[in-house]
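All values below were derived from every heavy atom in this structure, side-chain atoms included, with hydrogens, water molecules and symmetry-related copies excluded.
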Amino acid sequence: MVAAAAHVRQEIEAVRRADGESRTLAASLPRLVLEARRIAASVIHGLHGRRRAGSGESFWQYRRFVSGEPSQNVDWRRSARDDHLYVREHEWEAAHTVWIWPDRSASMAFASREARDSKLERALIVTFALAELLVAGGERVGIPGLMNPTASRNVIDRIAQAILHDDLARASLPPSFVPPARSEIVVLSDFWSPIGEIRTMLAGLSASGAHGTLLQVVDPAEETFPYSGRVEFVEPENGSVITAGRAERWSRDYVARVALHRDQIRAETKTLDWLFSTHTTDRSAAELLLFLHGGMTASKGGGVGSVKAGRTA
């Protein structure tokens with residue numbers, strides 16, 4: 001009877017905690033949306049888009065005729081005005097779907113004094129900004145298990161509303177689904193999940209041949225473990241508590257275990273030719289957005305190897 005009562009109290013506390021997190025997120029979303037739009041606008045202003053030659057109807061540019069090409073490719077009207085032969089190129093118009101997963105689990109709410117945002121806020125800002133940037137470039141954006149792919153100009157508002165009305169448990173990793181082969185997947189998480197769960201996730205998402213990026217968003221304190229003396233650590237997912245008498249003695253082992261965990265993730269992504277990088281929340285969100293955009297541009301252009309997975313921090 002006592003155990004049952006304790007279980008009920010734990011469930012009530014979990015519901016209260018989830019309700020509090022939802023209210024906090026709802027209150028902060030307008031600020032996150034505005035920040036995402038500001039960052040997306042600044043990045044778009046500094047880019048020339050993701051346009052490239054391909055099948056389509058919209059004229060893009062003329063280029064010199066290359067020996068060996070079929071003669072019917074020559075634009076004779078343009079070539080008549082010069083001493084060279086020219087080919088009329090069209091812009092690539094094959095709609096491309098990008099699936100973005102922002103981890104909204106309890107561990108993402110953490111923020112130390114050195115951080116600009118919590119991990120959750122940073123993941124959402126980048127999700128919103130990346131979606132806006134992709135839609136502006138003619139792509140479609142979806143959130144696994146939450147929102148079907150869309151090319152709507154108000155994509156940020158759609159994602160924000162979908163998140164606000166999501167009543168399901170907030171999992172760290174995206175739900176199991178099979179994306180189309182030409183899709184791209186971006187997972188923003190702290191990736192403190194066991195390596196077995198991450199391996200299973202990767203196997204499912206890559207089964208169809210889709211390409212992806214895993215972006216580990218971490219707080220500066222999670223990088224350096226700047227604790228000393230008696231410290232009580234609370235596991236945000238299940239509420240378990242670990243007390244360190246002299247926390248500074250844990251630092252070396254902690255850093256080593258984090259490095260090992262990342263090496264394991266990197267080995268899994270390298271096998272699949274996916275990208276993996278880390279980003280700390282004391283750095284600029286625009287820096288992370290540029291990294292993600294650059295990685296996907298290289299992937300779409302067939303040059304995945306030209307962008308190496310590394311740290312953005």
Distance-only polar pair, side chains of R182 and H211, donor-acceptor under 3.5 Å: no

For the CG atom of D282 and the CD atom of E114, what is their distance to the nearest 0.5 Å? 8.0 Å

Do I39 and I125 come within less than 4.5 Å of each other through their side chains, counting heavy atoms only? yes

In terms of heavy-atom contacts, D219 and K119 come closest through N-CD, 3.8 Å

D103: partners by side chain to side chain donor-acceptor pair (under 3.5 Å), with sequence neighbours left out: S105, S189

Count the heavy atoms belonging to other residues, nucleotides or ligands that lie under 6.0 Å from CZ of R31, then report whether that count exceeds 12. yes

Under a 3.5 Å distance rule, please check whether S206 uses its side chain to pair with a backbone N or O of G209 as donor and acceptor. no

Transitive ILVMFWY cluster of V241 at side-chain heavy atoms under 4.5 Å: who else is in it? V234

R266 and F276 have their tightest heavy-atom pair at NH2-CE2, 3.6 Å

Reported CD1-to-CG distance for the pair I185 and L205, which is rounded to 0.5 angstrom: 4.5 Å

Does E287 come within less than 4.0 Å of R122, counting only side-chain N to carboxylate O? no

Less than 4.5 Å apart, side chain to side chain, heavy atoms only: is that true for V186 and V126? no

Is there side-chain contact between M201 and L214, with at least one heavy-atom pair below 4.5 Å? yes

Closest contact, heavy atoms only, R283 versus H279: CB-CE1, 3.8 Å

Let me confirm one number: the CD1-OG1 distance from I156 to T127, rounded to the nearest 0.5 Å. 10.5 Å

Is R104 close to D166 at the side-chain level, that is, under 4.5 Å between some pair of heavy atoms? yes

With hydrophobic residues grouped by side-chain heavy-atom distances under 4.5 Å, do F177 and I198 end up in a single group? yes

Pairwise side-chain contact, D190 with V217, heavy-atom cut-off 4.5 Å (strictly under): no

Evaluate the side-chain proximity of H293 to L133: yes if any heavy-atom separation is below 4.5 Å, no if none is. yes

So side chain to side chain donor-acceptor pair (under 3.5 Å) across residues 154-163, not counting sequence neighbours, yields R37-D157, T150-R158, S152-N154

List, by chain and then residue number, the residues other than Y254 in its hydrophobic cluster (Ile/Leu/Val/Met/Phe/Trp/Tyr, side-chain heavy atoms under 4.5 Å); write none if there are no others. F110, W192, V218, F225, Y227, V231, F233, I242, W250, V255, V258

Between the side chains of D117 and T281, does any donor sit under 3.5 Å from an acceptor? no

Give me the atom names and distance for the closest heavy-atom approach of W101 to S172. NE1-O, 3.2 Å

Same cluster for L164 and V155 if Ile/Leu/Val/Met/Phe/Trp/Tyr side chains link at under 4.5 Å? yes

Between S107 and P236, which heavy-atom pair has the shortest distance, and what is it? CA-CG, 3.6 Å

Do S208 and P180 have side chains that get closer than 4.5 Å, going by heavy atoms? no

Side chain to side chain contact (heavy atoms under 4.5 Å, CB included) involving S79 - partner list, sequence neighbours excluded: V74, L85, Y86

Nearest-0.5 Å distance that lies between atom CH2 in W274 and atom OG1 in T269: 9.5 Å

Just checking, any donor-acceptor pair under 3.5 angstrom between side chains of R140 and T97? yes

The test is salt bridge (Lys or Arg N to Asp or Glu O under 4.0 Å); show your working for R262 and E222 and say whether it passes. CA-CA 13 Å; R262 285 178 177 163; E222 294 177 314; over 6 Å; no

To the nearest 0.5 Å, tell me how far L134 CG sits from I100 CD1. 5.5 Å

Closest heavy-atom pair and its distance - S183, W99: OG-NE1, 3.8 Å

Can you measure from CD (E268) to OG1 (T271) and round to the nearest 0.5 angstrom? 6.0 Å

Name all residues meeting the side chain to side chain contact (heavy atoms under 4.5 Å, CB included) criterion together with T213; count only those two or more places apart in sequence or in a different chain, and write none if there are none. L275, L292

Is E184 close to H96 at the side-chain level, that is, under 4.5 Å between some pair of heavy atoms? yes

